[in-house]
Amino acid sequence: MKRERKLMILSGVLVVCVAGAVVVSRIDFEEKMTGTETTIVDVDSADITYLAWNYEDDQMAFTREDGEWIYETDAKMSVDQELLDEIAENLSDITSDKMVEEVQSLSVYGLSDPAYNITIKTADDTWEIAVGDETFSDGEVYISNGDDYVYLTDSGLIDDISYSLLDCVQKEEIPEMESISRIEIENENTLDMVYKENAGYCYSDAYTYYLKDGDTYRNLDNKETEDIFTTLSDFSWEECVDFYADDSELESYGLKDPDAVVTVTYQPAAEEEESDDADASTEKTDDESTEENLKFEYQVGTEDDKYYAKLTDSDIVYTISEVVYNAAVNASYDNLKPDEVILLDWDTVNSIEIELDGNVYTVDVEKDGDDAYQCTLNDVEIEFGGVLDQIPDITIAEESDDEDSVPEEEPSLSNNKSELKLTFHRNTDEYKKVELEFYQYDGSYCISVLNGEEMNYTDRSSVVDLKEEINSVILDSDSGT
């Protein structure tokens, strides 16, 4: 035990001695530094024709021809010209405020195996700069240029080259859009959605988003569809992951057979002007509007829990957020159709014909103030406001974890019995009559039918509540059948 303890003590002393020797050695080297001001690189950045450096796992080199930067290894890469100009500007002026004249070992400064190597060329000169360790004093780093001296310069030099190859790719622009008139999505469901105010495509102008199916239009939920429009048009590429993806590479991003293709028809923001070299993904298109529209089309895919996208006519691949991916892939009429069974502006309704339990009642509706309506039955005023409030609150049944889940089969009528029918007579030029009828299905659900076409499952409880409210009003009115 004593022998082991002695060995441990001796080992500790040895470590301390070695550390002390290193410190003394370093101090000795730094004592031989002079405060000489030295110009390492001083050139007009416009004269730089070649830049090369390494960062992370990338070794890259760019040449400048006729003012344009080109990736030396693969000219197909679209280079971020502004970024390369900025790097050239930063590297055009490198100075040192201290130098080591008697260099005994480059390893002391991290220069025997430098972390970074930079090459700068003009038509007449070449600079090879190795970048080593940072100094004990903050904010400086050791460099050498092959003249047997070691220099100290601002460590910001490392920041100037902290760009990987994919950082240098010119990302394609997602255009600024003033307004969007249409989004087409090719996924398992394939949707063609349009935005138009006062379109006359359905019974209510309260709807502004529609699903186009040939010559017919189905109204969509305003908020849900607006969110989809915003998500699929107002987003950003996250990272560039491939500047020229071939078919095999596209497969690794889930883009050889993309999960969805999105086409946005839009009018550009006022500050965005068209030019001959505009992004290839935007093109003029004919539209119902007399104003000129552009198209922006891209594809999305996924692989290994990452989400990717590319412009349809491009080979550059980017990562995108899961939110954008899900919006494109999961868009469907079932997800976007309105929650409410019917949506009416009561200002457009003159009367409501009610068929209930074999009886027919006609309630006249007249506007009375800003948000009030005077309703009469057989010329007798009735308290019908509760009914008007309940009608738009009846919603399409949604999936839940309850035992009585929404039926999987599409709603259809065979021998189902009608429980309640409401016919709205209106003062509009179109859709002067709108019919809403509820049919029995089972103890939990009814089937709502709007204008004899649109059918949905609705919670039976809400239909029963509406019937009870109507019955209560009729009984209180002292009106017979």
Side-chain angles (χ1 to χ4, degrees), residues 174-187 189-235 260 262-270 285-297 323-324 326-328 330-349 367 370-371 388-389 391-396 398 424 426-436 448 450-451 453-456:
I174 297 175
E176 293 289 333
M177 305 180 193
E178 182 69 26
S179 61
I180 300 170
S181 59
R182 184 176 185 177
I183 289 185
E184 300 162 84
I185 302 176
E186 294 179 33
N187 55 22
N189 302 289
T190 305
L191 297 96
D192 185 357
M193 300 174 289
V194 298
Y195 170 84
K196 191 171 184 180
E197 297 180 1
N198 303 314
Y201 291 154
C202 77
Y203 68 92
S204 176
D205 283 338
Y207 294 109
T208 55
Y209 292 92
Y210 302 89
L211 178 68
K212 189 175 186 296
D213 184 9
D215 294 329
T216 63
Y217 294 85
R218 304 174 75 179
N219 46 295
L220 301 172
D221 183 88
N222 286 336
K223 184 180 184 309
E224 294 295 330
T225 313
E226 181 181 17
D227 288 346
I228 286 283
F229 270 48
T230 300
T231 301
L232 296 181
S233 63
D234 186 15
F235 67 97
V262 179
T263 305
V264 182
T265 302
Y266 71 98
Q267 291 177 5
T285 180
D286 294 329
D287 190 76
E288 295 175 357
S289 171
T290 57
E291 299 183 18
E292 194 170 62
N293 289 296
L294 300 175
K295 281 192 174 182
F296 173 66
E297 184 174 305
V323 172
V324 175
N326 286 338
N330 297 329
S332 68
Y333 175 69
D334 285 341
N335 291 336
L336 296 174
K337 65 183 179 183
D339 291 334
E340 63 277 351
V341 171
I342 192 170
L343 179 62
L344 283 173
D345 179 356
W346 297 123
D347 289 0
T348 68
V349 176
K367 189 172 178 62
D370 291 338
D371 297 309
L388 297 183
D389 290 339
I391 291 173
D393 286 342
I394 299 178
T395 59
I396 297 170
E398 296 181 351
F424 304 92
R426 308 171 72 212
N427 52 35
T428 55
D429 293 334
E430 297 180 338
Y431 299 97
K432 290 182 174 292
K433 184 173 72 173
V434 176
E435 293 181 345
L436 175 63
S448 64
L450 181 63
N451 288 335
E453 296 179 356
E454 184 177 330
M455 290 186 285
N456 293 290

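For this chain, numbers begin at 1 and follow the sequence in order. Only heavy atoms go into these numbers, but all of them, side chains included; no hydrogens, no water, no symmetry mates.
Annotation: side chain of Val323 is in contact with side chain of Thr231 (closest heavy-atom distance under 4.5 Å). You'll find the side chain of Leu436 stays beyond 4.5 Å of the side chain of Ile394, heavy atoms only. Contact annotation: the side chain of Pro175 approaches that of Tyr266 to within less than 4.5 Å [non-hydrogen atoms, C-beta and beyond]. Residues Glu186 and Glu297 fail the side-chain proximity criterion, which asks for heavy atoms closer than 4.5 Å. Using a 4.5 Å heavy-atom threshold, the side chains of Leu336 and Met193 count as touching. Looking at Leu211 and Leu191, their side chains come closer than 4.5 Å, going by heavy atoms from C-beta outward. Residues Phe424 and Tyr431 are not in side-chain contact: their nearest non-hydrogen atoms beyond the backbone lie 4.5 Å or more apart.
When all heavy atoms are compared, the tightest approach of Asn187 to Ala328 is ND2-O, 2.9 Å. Asn189 approaches Ala331 most closely through the heavy-atom pair ND2-O, 3.3 Å. A pairwise comparison of heavy atoms in Tyr207 and Glu340 identifies OH-OE2, 2.6 Å as the closest pair. Shortest non-hydrogen contact noted between Glu454 and Asn456 is OE2-ND2, 3.3 Å.
Classified by interplanar angle (parallel below 30°, tilted 30° to 60°, perpendicular above 60°), the ring pair Tyr217/Tyr201 is parallel. Between Tyr209 and Phe229, the ring-plane angle classifies as perpendicular under the 30° and 60° cut-offs.
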Self-check item: Residues Leu450, Val434; criterion side-chain contact (heavy atoms from CB on, under 4.5 Å); working and verdict
Solution: CA-CA 8 Å; Leu450 181 63; Val434 176; 3.9 Å; yes
Practice problem: Would you please test Phe296 and Ile174 for side-chain contact (heavy atoms from CB on, under 4.5 Å) and show each step? | Solution: CA-CA 8 Å; Phe296 173 66; Ile174 297 175; 4.0 Å; yes
Practice problem: Take Leu388 and Val349, measure what side-chain contact (heavy atoms from CB on, under 4.5 Å) needs, and give me the verdict at the end. | Solution: CA-CA 11 Å; Leu388 297 183; Val349 176; over 6 Å; no
Self-check item: side-chain contact (heavy atoms from CB on, under 4.5 Å) between Val262 and Ile183, worked out
Solution: CA-CA 7 Å; Val262 179; Ile183 289 185; 4.1 Å; yes
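Here the side chain of Asp213 pairs no donor or acceptor atom with the backbone of Arg218 at under 3.5 angstrom. Side-chain atoms of Ser204 come within 3.5 Å of backbone atoms of Leu343 as a donor-acceptor pair (strictly under, hydrogens ignored). The closest donor-acceptor contact from the side chain of Asn451 to the backbone of Glu435 lies under 3.5 Å. Remark: side-chain polar atoms of Lys223 are not paired, donor with acceptor, to backbone N or O of Thr225 under 3.5 angstrom. Arg426 contributes a side-chain N or O that, together with a main-chain N or O of Tyr203, makes up a donor-acceptor pair within less than 3.5 Å. Using modelled atom types, no side-chain atom of Thr265 and backbone atom of Ser181 make a donor-acceptor pair closer than 3.5 Å. When atom types are taken as modelled, the side chain of Asp347 and the backbone of Lys367 share no donor-acceptor pair closer than 3.5 angstrom.
Side chain to side chain, Thr348 and Asp345 fail the donor-acceptor criterion of an N or O pair below 3.5 Å.
Heavy atoms from other residues, nucleotides or ligands lying under 6.0 Å from CG of Asp429 number 12 at most.
Exactly one of Leu220, Asn198, Asn222 qualifies for a side chain to side chain contact (heavy atoms under 4.5 Å, CB included) with Thr208. That residue is Asn222.
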